[in-house]
Amino acid sequence: MRPHLKGLSWERDGERPRLVYDPRDQFLLSDPDGSVEKLLTLLAEGGRTIGELATSCRPTWPRYRPP
């Protein structure tokens, strides 16, 4: 399985990524260290397995271990 971010755009708003599915529906996430932004970037690029995503994110999320 290779997850891919579809139908959702995002942009950085200070320390928070703003996720936009529909201009009327926007979500702001807390992300002071940039780890959520890194995951969003990897998902938008696509082509990585869940294990590859976990390996790429492990430096910022050291306690995460893939199932």
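Looking at D31, its side chain never comes within 3.5 Å of a backbone N or O of P17 through a donor-acceptor pair.
Every residue was checked against the side-chain contact (heavy atoms from CB on, under 4.5 Å) condition with P23, not counting sequence neighbours, and none meets it. The side-chain contact (heavy atoms from CB on, under 4.5 Å) check on T49 picks up R2, E52, with sequence neighbours excluded. T41 pairs by the side chain to side chain donor-acceptor pair (under 3.5 Å) definition with nothing, not counting sequence neighbours.
The line from CG of L39 to CG of L29 is 10.5 Å long, rounded to the nearest 0.5 Å. L53 CG to K38 NZ: the interatomic distance, rounded to the nearest 0.5 Å, is 10.5 Å. Note: S9 OG to Q26 CD = 8.5 Å, rounded to the nearest 0.5 Å. Interatomic distance, CG of L19 versus CG of L8, reported as 5.5 Å (0.5 Å rounding). Separation of atoms OG1 (T55) and CZ (R48) is listed at 11.0 Å; rounding is to 0.5 Å.
Counting all heavy atoms, side chain and backbone alike, C57 lies closest to L42 at SG-CD1, 4.0 Å. Minimum interatomic distance between H4 and G46 (heavy atoms only, all atoms of both residues): ND1-CA, 3.0 Å. Across all non-hydrogen atoms, the minimal contact from R16 to S30 is CG-CA, 4.3 Å.
Under the 4.5 Å side-chain heavy-atom criterion for grouping Ile, Leu, Val, Met, Phe, Trp and Tyr, L5 is not connected to V20 through any hydrophobic cluster. Placement of W10 and L28 in two distinct hydrophobic clusters is found when ILVMFWY residues are connected by side-chain heavy-atom separations under 4.5 Å, directly or transitively.
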